[in-house]
Protein chains: 2
Amino acid sequence: MTEAEFLAGYDPAAHERPALAVDLVLLGIQAGRLAALLMRRAQHPQAGLWALPGGFVGVAETLDAAAGRVLRDKVGIGGARLEQLYTFGAVDRDPRMRIVSVAYLALLPEAAVADARAKAGLAAASLIVPWAGETGGAISAVSEDGAALALAFDHADILALAVKRLRGKLDYTDVAFALLPDHFTLRQLQDVHAAILGAPLNKSAFRRRMRDRGWIAPTGAREAGTAFRPAEFFRFDRSRES
Amino acid sequence: MTEAEFLAGYDPAAHERPALAVDLVLLGIQAGRLAALLMRRAQHPQAGLWALPGGFVGVAETLDAAAGRVLRDKVGIGGARLEQLYTFGAVDRDPRMRIVSVAYLALLPEAAVADARAKAGLAAASLIVPWAGETGGAISAVSEDGAALALAFDHADILALAVKRLRGKLDYTDVAFALLPDHFTLRQLQDVHAAILGAPLNKSAFRRRMRDRGWIAPTGAREAGTAFRPAEFFRFDRSRES
DNA sequence: CTTAGTTATGCTCATATTGTGCATAAATCG
DNA sequence: CGATTTATGCACAATATGAGCATAACTAAG
């Protein structure tokens, strides 16, 4: 049977379908560390556990649109860089029914992290991002007092994949700039890279590499109020992005 | 409203849901070039156009399982390396109804490509993989007589993304070995890389890089029947994969 | 006003990786 | 046996990265 025959003979209404949802991994920098924004589940199942914001996909709604709607309506953030991550389809990932979830990665500038935390039901969890060898170690979420947070459903897997994806794209895409304000110093940029990788970086080599790459342009402005030599502010030069 | 409230108040049966399908991009090497296996659509819509093999996801079936089932039942290949690629959710991507499709990448060794072509309804399309700058140019499919193939639905987008993903993973994962037989020469390995990248590679540098990486082990065996010095066969050394 | 303290920035040198070319090896074919 | 062709290893150049140091620029303490 060919695909065409199969599709022609298939009555979609006759079969039960999985439900389709989107889940958002909101990542940002907080206090110099990589942090995720999580919601505490108030009801069963998995009441009290921490979960990614999510919602079902409407029948006339794009996946990207569904992710944007969740970001706007549930997290209260208008714009952020959204990127599809992976689709999770384990049969028993939700105990209520079969839900296939398209995970999205949202990269928030530091100011948006603070904004979002002010909303009800949202809390930031610092992420422990160890650098255990090339591929990195296990990622775990801890609250501000250092206690490990239990995540609902398969959301720990989703979170771990998000951090790994972020790491992988870090040095050949512009993801780091999405976590920074418009103007930033080279040190801030380096700190973001180090937070994502979970490892310290060579200062000279990092600066040289970033400048040679041509993605950043000096603004001429300088930091103020520091007790030492002020650093120059740079901005992301989108025009020279490869 | 929190996520928990939303989910609790949501009656999944009350809303119309998108249908969920998987589509398979079958990539392999044929005559030294990167090729995709496509099916010609026999019926409307888009009759006569070329399409990726696909099928709907059962309500009690994992996404990976659905992809494996399509590979087995529609393509007739038992085992191949399957990897989730991206989920396509444009509202009008299928004119019949709303279908969200999880695209999978299947990497076939050269022998499996020939096997699969013997099955009814399957044909190989060579892929034009130009190297236009860093990110690569547009990917197009051509038949063996050189004519461009028109692809159904959004399958050209899916195909293009598959090749880009393959390119991106080429030099830090073992994807190339999935397209080769168990024993291969360094030249064969280089040809696979060149076919995927759409650009020639420096021979000395490539050999040195591959050997230094430690992923391949010499077998001691050599080519036979060549009109010149025979190359040594290597095998992929999975034990030293990072 | 001077000096200590701190970080920014640019420079140099050592090391590692990659690009490039060449010499030699090993097979077939005339 | 010599011509031809590709495989393999080596040497050198060019580039990228790691690491450290000298100087600059600011604040705060004295």
Side-chain angles (χ1 to χ4, degrees), chain A residues 31-32 131 133-134 167-168 170-173 176 180-181 183-235 237 240 242, chain B residues 31-32 131 133-134 167-168 170-173 176 180-181 183-235 237 240 242:
Chain A
W131 179 260
E134 295 272 323
R167 268 187 193 161
L170 186 59
D171 52 29
Y172 71 98
T173 66
L180 285 167
H183 289 4
F184 51 85
T185 66
L186 287 176
R187 167 165 287 275
Q188 285 178 296
L189 183 59
Q190 180 178 344
D191 287 345
V192 167
H193 278 246
I196 292 172
L197 295 174
L201 289 169
N202 186 285
K203 186 171 172 178
S204 289
F206 180 81
R207 305 176 120 259
R208 181 176 41 198
R209 199 150 42 89
M210 286 301 140
R211 303 200 68 155
D212 289 351
R213 178 113 63 212
W215 286 357
I216 57 175
T219 62
R222 300 185 163 275
E223 272 183 315
T226 61
F228 36 80
R229 176 174 175 170
E232 183 169 11
F233 281 121
F234 290 79
R235 61 180 175 77
D237 187 355
R240 285 196 278 177
S242 74
Chain B
W131 182 259
E134 296 272 323
R167 269 187 192 160
L170 186 60
D171 52 28
Y172 72 99
T173 66
L180 283 168
H183 289 7
F184 51 85
T185 66
L186 287 174
R187 168 165 286 277
Q188 284 179 296
L189 182 59
Q190 180 178 343
D191 286 346
V192 167
H193 278 246
I196 292 172
L197 294 174
L201 289 168
N202 186 285
K203 187 171 171 177
S204 289
F206 180 82
R207 305 176 121 258
R208 180 176 41 199
R209 200 151 42 90
M210 286 299 139
R211 303 200 66 156
D212 289 353
R213 178 113 64 210
W215 286 358
I216 58 174
T219 64
R222 298 183 164 277
E223 272 183 316
T226 62
F228 36 80
R229 174 172 177 171
E232 184 170 9
F233 281 121
F234 289 79
R235 63 181 174 77
D237 187 357
R240 284 196 278 177
S242 74

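First the proteins, then the strands, lettered A, B, ... as listed; each starts at 1.
For residues 226-235 of chain A, proximity to DNA chain D is found at A:Thr226, A:Ala227, A:Phe228, A:Arg229, A:Pro230, defined as any non-hydrogen atom under 4.0 angstrom from a strand atom. Near DNA chain C, meaning a heavy atom under 4.0 Å away, the residues from residues 200-209 of chain B are B:Asn202, B:Ser204, B:Ala205, B:Arg208, B:Arg209.
One atom, CZ of B:Arg222, and another, C1' of C:dT28, lie 16 Å apart when rounded to the nearest Å. For A:Ile216 and C:dT9, the CD1 to C1' distance is 13 Å, given to the nearest whole Å. For the pair B:Arg211 CZ and C:dT17 P, the interatomic distance rounds to 17 Å; values are reported in whole Å.
Using a 4.0 Å cutoff to heavy atoms of chain B, the contacted part of DNA chain D runs 5' to 3' from D:dT5 to D:dA11.
For A:Phe234, there are no ring-ring contact (aromatic ring centres under 6.0 Å, His included) partners at least two apart in sequence or on another chain.
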Identify every side-chain donor-acceptor pair in residues 186-206 of chain A under 3.5 Å, counting partners at least two apart or on other chains, and give the distances.
unit_1   : atom_1 : unit_2   : atom_2 : d
A:Gln188 : OE1    : A:Thr185 : N      : 2.9
A:Gln190 : NE2    : A:Leu201 : O      : 3.1
A:Asn202 : OD1    : A:Ser204 : N      : 3.3
A:Asn202 : OD1    : A:Ala205 : N      : 2.9

Using a 3.5 Å cut-off and no angle test, enumerate the donor-acceptor pairs between side-chain atoms of residues 216-224 of chain A and protein atoms at least two apart in sequence or in another chain.
unit_1   : atom_1 : unit_2   : atom_2 : d
A:Thr219 : OG1    : A:Ala221 : N      : 3.2
A:Thr219 : OG1    : A:Phe233 : O      : 2.7
A:Arg222 : NH1    : A:Pro230 : O      : 3.4
A:Glu223 : OE1    : A:Ala231 : N      : 3.1

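Between B:Leu170 and B:Ala176, the shortest heavy-atom contact is CD1-CB, 4.0 Å.
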